[in-house]
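Atoms within each ligand, like the ligands themselves, are counted from 1 in listed order. What's counted below: heavy atoms across the whole structure, side chains too, no hydrogens, waters or symmetry copies. Treat the numbers as computed from the prediction; the structure is a model and nothing was measured.
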Amino acid sequence: MSNKTIKIIDGDTEAEFPLMEGSEGPATINISSLYSELGYFTYDPGFMSTASCQSTITYIDGDKGILRYRGYDIEDLAENCTFLEVAFLLLYGDLPDASELTGFEDHITHHTLINENLKDLFSSFYHDSHPMAVMTGVVGSLSAFYHDEIDIHDPFDRDLAAVRLIAKLPTIAAACFRRLRGEPFVYPRNDLDYSSNFLRMMFAQPTADYEPDPIMAKAIDLLFILHADHEQNASTSTVRLVGSSGTNPFAAVAAGIASLWGPAHGGANEAVLNMLTEIGSVRNIPKYIDRAKDKDDPFRLMGFGHRVYKNHDPRATIIRKTCHEVLAKLGDHGDAQLQLELELAMKLEEIALQDEYFVERKLYPNVDFYSGIIYRALGIPTNMFTVMFAIARTTGWIAHWIEMISDPNLRIGRPRQLYTGPTERVFKPANDR
Ligand code: CMC
């Protein structure tokens with residue numbers, strides 16, 4: 001905390017507010033006593049200038065294109081770590097040593113099964129339900145399985161909830177996919193790593209052996225790392241707000257999944273592929289660029305722009321390279337649609353990056369512009385893309401939930417409002433209205 005204060009003068013009255021300095025990034029004015037001192041609230045829709053909490057987990061510098069988990073550059077983590085190594089880092093603050101990593105992997109591996117009764121819940125959904133709707137319901141239902149035994153004030157219980165969530169999300173996600181296809185659920189296997197196990201639960205058939213492709217598993221693991229956390233984004237803020245009431249962590253994470261689903265957030269990678277399908281041909285790109293620039297047209301270039309990154313999205317830079325590598329390594333399996341989508345994506349990127357409208361507004365391709373193409377290449381259907389994001393982001397959500405619940409100064413999140421509705425009105429019974 002610095003000794004600096006910011007003074008607000010309101011006529012004859014003045015009040016000083018402490019300036020809080022973090023380890024990096026802009027300083028923050030602590031206005032928590034503004035109302036008691038001056039009788040005002042602040043107004044900041046979309047939280048454009050408001051820090052909702054203090055956090056030690058993730059640092060972003062949007063202008064410089066920096067993303068760090070617990071101080072480590074995302075580029076280093078993406079290059080050198082597995083997803084579970086990164087999950088350990090996010091949860092516990094430091095990278096694990098070899099024995100800590102083995103212990104953590106073992107712990108996660110032994111919590112991947114879900115309660116058999118959940119199968120009934122899956123079958124109660126309509127056959128073509130969106131997998132994100134099913135995920136929201138199923139993850140929320142975990143709070144029914146693990147409620148009485150969780151004391152959110154006990155660090156051991158919090159840790160167990162974190163491990164259960166990270167372990168079970170891939171099993172639930174794969175079950176959503178199998179259900180969608182009318183295929184039997186595939187149980188997790190303890191001899192496989194996190195991402196290979198996920199691929200097996202997604203694609204294995206009971207009638208044949210299944211060997212997860214190491215290139216596919218590595219690409220999935222990388223995408224999980226890149227999506228694991230992103231400080232106070234909409235879904236993480238949702239988990240924090242919901243969790244601040246002291247609710248069950250599985251319910252809070254289900255709320256995070258619901259928030260992630262929206263096309264302005266995690267739904268963007270699905271929207272990118274839908275957009276590429278709609279564009280259909282390179283010659284149609286200029287028409288869609290014009291539509292994106294037209295204020296009277298709600299169409300936006302999906303996968304472009306970011307609330308925080310106004311230079312480049314470092315995740316997009318890493319993933320762009322992987323996108324090309326995966327496609328080159330998997331080879332052209334004669335999937336003309338996939339090749340067209342990639343060609344369209346590259347052309348769209350090239351044109352938009354030179355267009356004055358996008359350059360002026362600093363609208364660069366974000367992580368979701370490329371992640372969808374990789375998922376497509378791996379055989380994951382479009383409506384599962386946000387589910388993939390949810391598997392990864394669960395680690396970030398639960399790390400933030402733990403950080404928040406462990407804070408001795410935790411208070412329920414309760415924003416204020418600027419009321420603009422009617423002032424007091426005289427009530428009349430129905431017959432007199
Ligand atoms: N296409 C066309 N115009 C755009 C786009 C776009 N994708 N994004 C922003 N703009 C324009 C916007 O109309 C505005 O123009 P003007 O200043 O003339 O009014 C200006 O750029 C600033 O946009 P904004 O909506 O005020 O920016 P924001 O920070 O509120 O929104 C965003 C950020 C990500 C919601 C937005 O850029 C968007 O909708 N992008 C497409 C959806 C998408 O790809 N979302 C994934 C985000 S990355 C995944 C994640 O981290 O969750």
Is the closest N or O pair between Leu301 and ligand 1 shorter than 3.5 Å?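 Indeed, backbone or side chain, Leu301 has an N or O that close.
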
Is Gly266 in polar range of ligand 1, meaning some N or O pair under 3.5 Å apart?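 For ligand 1, there is no N or O atom that lies under 3.5 Å from one belonging to Gly266.
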
Location of contacts on Arg291 toward ligand 1, heavy atoms closer than 4.0 Å: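 Under 4.0 Å from ligand 1, Arg291 contributes no heavy atoms.
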
Tell me the contacting part of Asp313 for ligand 1: side chain, backbone, both, or neither, using a 4.0 Å heavy-atom threshold, strictly below.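 No part of Asp313 comes within reach of ligand 1.
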
Using a 3.5 Å distance criterion without hydrogens, assess whether the side chain of Thr236 forms a donor-acceptor pair with backbone atoms of Asn233.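 No, Thr236 side chain to Asn233 backbone: no donor-acceptor pair under 3.5 Å.
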
Looking at Phe177, Phe385, Phe389, which one forms a ring pair (Phe, Tyr, Trp, His ring centres under 6.0 Å) with Tyr375?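 The ring pair (Phe, Tyr, Trp, His ring centres under 6.0 Å) with Tyr375 is passed solely by Phe385 among Phe177, Phe385, Phe389.
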
Regarding [atom]: of the candidates [options], which has the closest heavy atom?
atom	options	value
atom 47 (C) of ligand 1	Val308, Asn366, Asn269	Asn366
atom 39 (O) of ligand 1	Met275, His306, Arg300	Arg300
atom 42 (C) of ligand 1	Met302, Met48, His265	Met302
atom 3 (N) of ligand 1	Phe389, Tyr364, Tyr357	Tyr357
atom 13 (O) of ligand 1	Arg361, Glu360, Lys295	Lys295

Heavy-atom gap Lys293 to ligand 1 smaller than 4.0 Å: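 Lys293: no contact with ligand 1 (<4.0 Å).
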
Hey, does Arg393 sit under 4.0 Å from ligand 1 if you only count heavy atoms?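 Contact check Arg393 vs ligand 1: negative.
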
In ligand 1, which numbered atoms sit nearer than 4.0 Å to a non-hydrogen atom of [X]?
X	result
Arg315	51 (O)
Ala264	45 (N), 46 (C), 47 (C)
Arg307	28 (P), 29 (O), 30 (O), 33 (C)
Asp368	48 (S), 49 (C)
Gly303	43 (C), 44 (O)
Ala268	43 (C), 44 (O), 45 (N), 46 (C)

Flag for [Y]-[X]: side-chain donor and acceptor within less than 3.5 Å:
X	Y	value
Glu403	Ser55	yes
Asp368	Ser371	yes
Arg376	Thr382	no

For Gln54, does the CD atom have more than 12 heavy-atom neighbours from other residues, nucleotides or ligands under 6.0 Å away?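 No.
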
On the six-membered ring of Tyr35, is Arg416 placed so that its NZ or CZ lies under 6.0 angstrom from the centre and within 45° of the ring axis?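 That pair qualifies as a cation-pi contact.
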
Is there a side-chain contact between Ile172 and Met135 in this structure, where contact means two heavy atoms from C-beta onward sitting under 4.5 Å apart?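 A side-chain contact under 4.5 Å exists here.
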
Report yes if some heavy atom in the side chain of Phe358 is under 4.5 Å from a heavy atom in the side chain of Ile289; otherwise report no.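 A side-chain contact exists here, since the closest heavy-atom pair is under 4.5 Å.
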
Closest contact, heavy atoms only, Cys81 versus Leu95: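 Answer, listing the atom of Cys81 first, then Leu95: SG-CD2, 4.2 Å.
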
